[in-house]
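Owing to the predicted nature of the structure, the values given are computational and were not obtained by experimental measurement. Just so you know, ligand 1 is whichever comes first in the structure, and atom 1 is the first atom listed for that ligand.
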Amino acid sequence: MTFDHVSGTLSDLDRLVIHHVPPGGNWKHLPVDFPSARVRQIRASATRGEGSRSTYYGRLSWEKAAYTISTYITRPGNGCFIHPEADRLITVREAARLQSFPDHVRFHGTTRQRAMQIGNAVPPLLAYHLGTAIAPGTAVDLFAGAGGLGLGLELAGHQVLLSVDNDARALETLRSHAATHHRAEQFDLSDPIEFRNMLDAARMALGGRELGLLAGGPPCQGFSTAGPCRVDDPRNRLVLSFLKAVEELGPENVLFENVPALRWRGKQFLDELVERLAGLGYTSEIRIIHAEAYGVPQLRRRLIVMASKSGSPRWPEPTHQLIRPYFEADQPGPLVESDVRVTVRDAIGDLPLFARDDPDQSVPLASAASDYARWLRGELSIDQLLRSTDLVAHGGQ
Ligand SMILES: C[S@@+](CC[C@H](N)C(=O)[O-])C[C@H]1O[C@@H](n2cnc3c(N)ncnc32)[C@H](O)[C@@H]1O
């Protein structure tokens, strides 16, 4: 059984949209005279050649990967969040499954807050693979949110001692899955005094040990293509707070995560990050990583900076192939269709078609689950999941 099987509330107009859109379809399947100002706006901007918005009002396909699970899963008009079969949006748990959060993670807050925590997260399965490329040791996770990144790092053998965020609800979620030695503390890292307090908490958690890894994904709203771009958004300066924490804590390795658009919309921050890391003695490398290349059933690209004090950083080998070369899609442009093996059905096919009203109500799961779902249900270890992936990748049983 699992929980959090609740979805966003729909208006009458939303219901009409959902009725018209077939699996794999989007706003283009709506009649030209569809009575919605937003749909008219999307159609007009597509006609002007300002991008096709092809995920908007999208309905998932059972046999494909999902598109990016953003923080907007409670609305149909900002991405591809309509259930492949039921006339509703995907639930919080379905979004969590598509983001590779195990079922034992219980989310906290309103439905909207839960959706934000999930959409903001680094898929734990991707984080696991990134973590395997870094020598395991002590770790601190800044801007940790619900802890997707930290969860994957722990799975890869890192000992996350401290996670920090300024969102109390996200930290409650994080505490639901954190190991006992792992402290989750609330600090506003834009505030100089709270930043100092965070440094004290990190040093206390380390207890004289060296810091192996400083990880973090500062907020990306100002850089993201999923929302309005505000380069002067004060949250963007949190990239520099992360850098200041590197200076102060001197970790052996650094893992920084953000949206690919940081390369152009936030270029000045990224350039400063890399230059100052070099000044501190780190060799760093920036890559655009596809989550689906690591078995996440979702087309999600993220910008990752890995930096190390002892030579060039290492990167994990992809476990799943993409049709287009792995590093190519680092420019804005159409979404890349991948040769997916892990599908929406694999991720959520065992969940009931009917959503619930109460996130704390338990829901039964069907038995015929994929290995991916069995891993998320706690029935397979990560090693067993990877062994089965390997067998498929090499043509075995
Ligand atoms: C992109 S999310 C990080 C997600 C996280 N890495 C994960 O994998 O789940 C950014 C986080 O920064 C937090 N944040 C925003 N402003 C902050 C501030 N001033 N101080 C501390 N955290 C902040 C947000 O609450 C959000 O959880």
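In terms of polar-atom proximity, defined here as any N/O pair under 3.5 Å, Leu238 makes no such contact with ligand 1. At least one N or O atom of Asp165 sits closer than 3.5 Å to an N or O atom of ligand 1. Residue Val122 has at least one nitrogen or oxygen atom sitting less than 3.5 Å from a nitrogen or oxygen atom of ligand 1, judged on distance alone. Where the criterion is an N or O separation shorter than 3.5 Å, residue side chain and backbone included, Asp188 meets it with respect to ligand 1. Looking at Asn120 next to ligand 1, no N or O pair under 3.5 Å apart turns up. Considering backbone and side-chain atoms together, Ala170 places no N or O closer than 3.5 Å to any N or O of ligand 1.
With sequence neighbours left out, Val6 forms a side chain to side chain contact (heavy atoms under 4.5 Å, CB included) with Val92, Thr111, Pro359.
Taking every heavy atom of Ala121 and a limit of under 4.0 angstrom, the matching atoms of ligand 1 come to 7 (C), 8 (O), 9 (O). Near Asp167, meaning under 4.0 Å from one of its heavy atoms, ligand 1 places the atoms 25 (O). Which parts of ligand 1 touch Phe187 is read off a 4.0 Å heavy-atom cut-off, strictly below it: atoms 20 (N), 21 (C). Close contacts of ligand 1 with Gly145, meaning ligand atoms under 4.0 Å from a residue heavy atom, involve 27 (O). Residue Gly148 has at least one heavy-atom neighbour below 4.0 Å for each of these atoms of ligand 1: 7 (C), 8 (O), 9 (O).
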Check the pair Arg356 / Asp4 against salt bridge (Lys or Arg N to Asp or Glu O under 4.0 Å), numbers first and verdict last. CA-CA 8 Å; Arg356 304 294 192 266; Asp4 276 313; over 6 Å; no

Given Arg75 and Asp14, is the salt bridge (Lys or Arg N to Asp or Glu O under 4.0 Å) satisfied, shown in steps? CA-CA 8 Å; Arg75 302 181 205 161; Asp14 289 340; over 6 Å; no

Can you check salt bridge (Lys or Arg N to Asp or Glu O under 4.0 Å) on Arg169 and Glu172, steps first, answer last? CA-CA 5 Å; Arg169 291 286 93 76; Glu172 271 186 68; 2.8 Å; yes

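Taking all heavy atoms of Leu126, Asn166, Leu142 into account, the minimum distance to atom 14 (N) of ligand 1 is reached by Asn166. If you check each of Gly119, Gly217, Ala144 against atom 7 (C) of ligand 1, the one with the closest non-hydrogen atom is Ala144.
For the residue pair Glu154/His182, the side-chain donor-acceptor check at 3.5 Å is satisfied. Using modelled atom types and a 3.5 Å distance limit, the side chains of Arg93 and Thr2 yield a donor-acceptor pair. Between the side chains of Thr138 and Glu210, not a single donor N or O lies within less than 3.5 Å of an accepting N or O.
Asp357 CG: 12 or fewer foreign heavy atoms inside a 6.0 Å radius.
Cluster annotation: Val21 and Ile42 are assigned to the same hydrophobic cluster (Ile/Leu/Val/Met/Phe/Trp/Tyr, side-chain heavy-atom contacts under 4.5 Å, transitive).
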